[in-house]
Amino acid sequence: MFNDEYFMRMAFQEAQLAFEKDEVPIGCVIVSNDRIIAKSHNLTETLNDVTAHAEMQAITSGANYLGGKYLQNCTMYVTLEPCVMCAGALSWSQITKVVIGARDEQRGFINKGLSLHPKTEVVTGIMENECSTIVKDFFRNKR
């Protein structure tokens with residue numbers, strides 16, 4: 001059965017790929033009609049590009065797949081709460097729903113007082129422990 005946890009597991013697989021590439025382990029997928037239309041993970045080190053966050057890569061891929069700039073009737077599953085940059089892009093994309101694994105109390109858009117598009121539903125806490133642990137493990141290994 002396709003549900004939020006099923007698709008978050010797919011996003012988590014992307015985070016694991018990022019971890020293996022020594023990228024900050026954040027992954028996401030975009031779903032339309034119970035079908036993954038885009039998936040990505042952080043590529044900032046690989047592409048030497050500070051804007052190459054998982055969400056930004058997936059937004060571009062999803063828009064290309066759909067043939068337009070809006071992601072209406074789509075859901076993004078992302079393992080860590082989007083930053084301000086990604087939240088802005090998500091707002092402009094008019095995505096219908098964003099499902100977040102773990103909150104990012106320091107850099108996430110929610111504590112910055114920002115919101116997404118007025119019609120965008122936000123759900124948090126899906127696979128929160130796993131999504132939080134992989135990021136903590138990554139930075140612990142860096143120290």
Side-chain angles (χ1 to χ4, degrees), residues 2-19 21-66 68-143:
F2 299 124
N3 59 22
D4 287 346
E5 187 171 333
Y6 172 85
F7 288 116
M8 187 61 74
R9 288 201 182 286
M10 301 298 107
F12 189 76
Q13 287 177 2
E14 289 293 315
Q16 289 172 312
L17 289 172
F19 189 94
K21 292 179 180 177
D22 205 29
E23 295 273 4
V24 176
I26 299 169
C28 71
V29 298
I30 297 178
V31 175
S32 178
N33 297 318
D34 286 333
R35 182 174 176 200
I36 295 174
I37 63 166
K39 60 183 179 177
S40 190
H41 51 272
N42 270 9
L43 293 170
T44 59
E45 299 299 324
T46 302
L47 299 177
N48 197 29
D49 179 355
V50 297
T51 68
H53 291 192
E55 301 95 323
M56 301 296 281
Q57 300 296 308
I59 289 167
T60 299
S61 181
N64 285 339
Y65 178 86
L66 294 173
K69 61 184 177 182
Y70 298 116
L71 298 174
Q72 295 162 330
N73 302 312
C74 293
T75 300
M76 175 181 280
Y77 294 85
V78 61
T79 58
L80 189 69
E81 178 183 341
C83 70
V84 172
M85 173 185 69
C86 294
L90 285 165
S91 183
W92 284 110
S93 78
Q94 299 182 19
I95 196 160
T96 301
K97 182 177 177 183
V98 176
V99 179
I100 299 166
R103 293 281 313 277
D104 185 344
E105 301 294 333
Q106 291 182 325
R107 297 182 181 208
F109 77 94
I110 295 171
N111 279 1
K112 302 289 186 200
L114 301 175
S115 59
L116 302 181
H117 189 274
K119 293 181 181 178
T120 301
E121 176 186 358
V122 177
V123 175
T124 62
I126 305 298
M127 290 182 54
E128 183 173 9
N129 186 49
E130 298 95 320
C131 294
S132 175
T133 298
I134 194 171
V135 173
K136 289 176 184 172
D137 288 348
F138 175 81
F139 285 109
R140 188 176 307 116
N141 292 339
K142 289 288 182 191
R143 292 185 194 117

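For the numbers below, each heavy atom of this structure counts, side chains included, while hydrogens, waters and symmetry mates do not.
Contacts of Asp22 classified as side chain to side chain donor-acceptor pair (under 3.5 Å), with partners at least two apart in sequence or in another chain: Lys142. The ring-ring contact (aromatic ring centres under 6.0 Å, His included) test applied to Tyr70 returns no partner, not counting sequence neighbours. Looking at residues two or more places apart in sequence or on another chain, you find a side chain to side chain donor-acceptor pair (under 3.5 Å) between His41 and Glu14, Lys21.
Across Cys28 and Ala54, no two heavy atoms sit closer than the pair SG-O, 3.3 Å. Across all non-hydrogen atoms, the minimal contact from Leu116 to Ser91 is C-OG, 3.8 Å. Residues Glu23 and Thr44 share a closest heavy-atom pair of OE1-N, 3.2 Å. Considering all non-hydrogen atoms of both residues, Ile59 and Ala89 come closest at CD1-CB, 3.7 Å. The shortest heavy-atom contact between Ala58 and Ala38 is O-CB, 3.5 Å. Closest approach of Leu80 to Ile26, counting heavy atoms only: CD2-CD1, 3.6 Å.
Each salt bridge (charged side-chain N to carboxylate O under 4.0 Å, His left out) pair with one or both residues in residues 84-103, not counting sequence neighbours, appears once here: Asp4-Lys97, Glu81-Arg103. Each ring-ring contact (aromatic ring centres under 6.0 Å, His included) pair with one or both residues in residues 88-125, not counting sequence neighbours, would appear here, but there are none. Among residues at least two apart or in separate chains, there is no salt bridge (charged side-chain N to carboxylate O under 4.0 Å, His left out) pair with a member in residues 27-56.
Proximity of Lys119 to Thr96: side-chain heavy atoms (C-beta onward) are nowhere separated by under 4.5 Å. Looking at Ile100 and Pro82, their side chains come closer than 4.5 Å, going by heavy atoms from C-beta outward. The side-chain heavy atoms of Met56 and Cys86, taken from C-beta on, include a pair separated by under 4.5 Å. Using a 4.5 Å cut-off on side-chain heavy atoms (C-beta onward), Leu66 and Cys74 make contact.
The environment of Asn33 atom CG is sparse: at most 12 non-hydrogen atoms of other residues, nucleotides or ligands sit within 6.0 angstrom. Applying the 6.0 Å contact sphere to CG of Asn141 captures more than 12 heavy atoms from other residues, nucleotides or ligands. Heavy atoms from other residues, nucleotides or ligands lying under 6.0 Å from CD of Gln106 number 12 at most.
Between the CD1 atom of Ile36 and the OH atom of Tyr6 there is a distance of 6.0 Å, given to the nearest 0.5 Å. Atom CG of Asn129 is separated from atom CD1 of Ile134 by 12.0 Å, given to the nearest 0.5 angstrom. Once rounded to the nearest 0.5 Å, the distance linking CD1 of Ile37 with OG1 of Thr75 reads 10.0 Å. Rounding to the nearest 0.5 Å gives a distance of 6.0 Å between OG1 of Thr124 and CD1 of Ile110. To the nearest 0.5 angstrom, Arg9 atom CZ is 10.0 Å from Gln16 atom CD. Rounding to the nearest 0.5 angstrom, the gap separating the CG atom in Asn73 from the CD1 atom in Ile95 is 10.5 Å.
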Should Ile126 and Phe7 be marked as a side-chain contact (heavy atoms from CB on, under 4.5 Å) after you check the CA-CA gap, both sets of side-chain angles, and the distance that decides it?
CA-CA 10 Å; Ile126 305 298; Phe7 288 116; over 6 Å; no

Apply side-chain contact (heavy atoms from CB on, under 4.5 Å) to Glu130 and Thr133, showing your working.
CA-CA 5 Å; Glu130 298 95 320; Thr133 298; 5.8 Å; no

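Side-chain N or O atoms of Ser132 include none that pairs as donor or acceptor with a backbone N or O of Glu128 at under 3.5 Å. For Thr79 (side chain) and Cys131 (main-chain N/O), no donor-acceptor pair under 3.5 Å exists by modelled atom type. Of the possible donor and acceptor atoms, one in the side chain of Ser93 sits under 3.5 Å from a partner among the backbone N and O of Leu90.
Between Phe19 and Phe138, the ring planes are perpendicular. Angles over 60° get that label, and only those under 30° would be called parallel.
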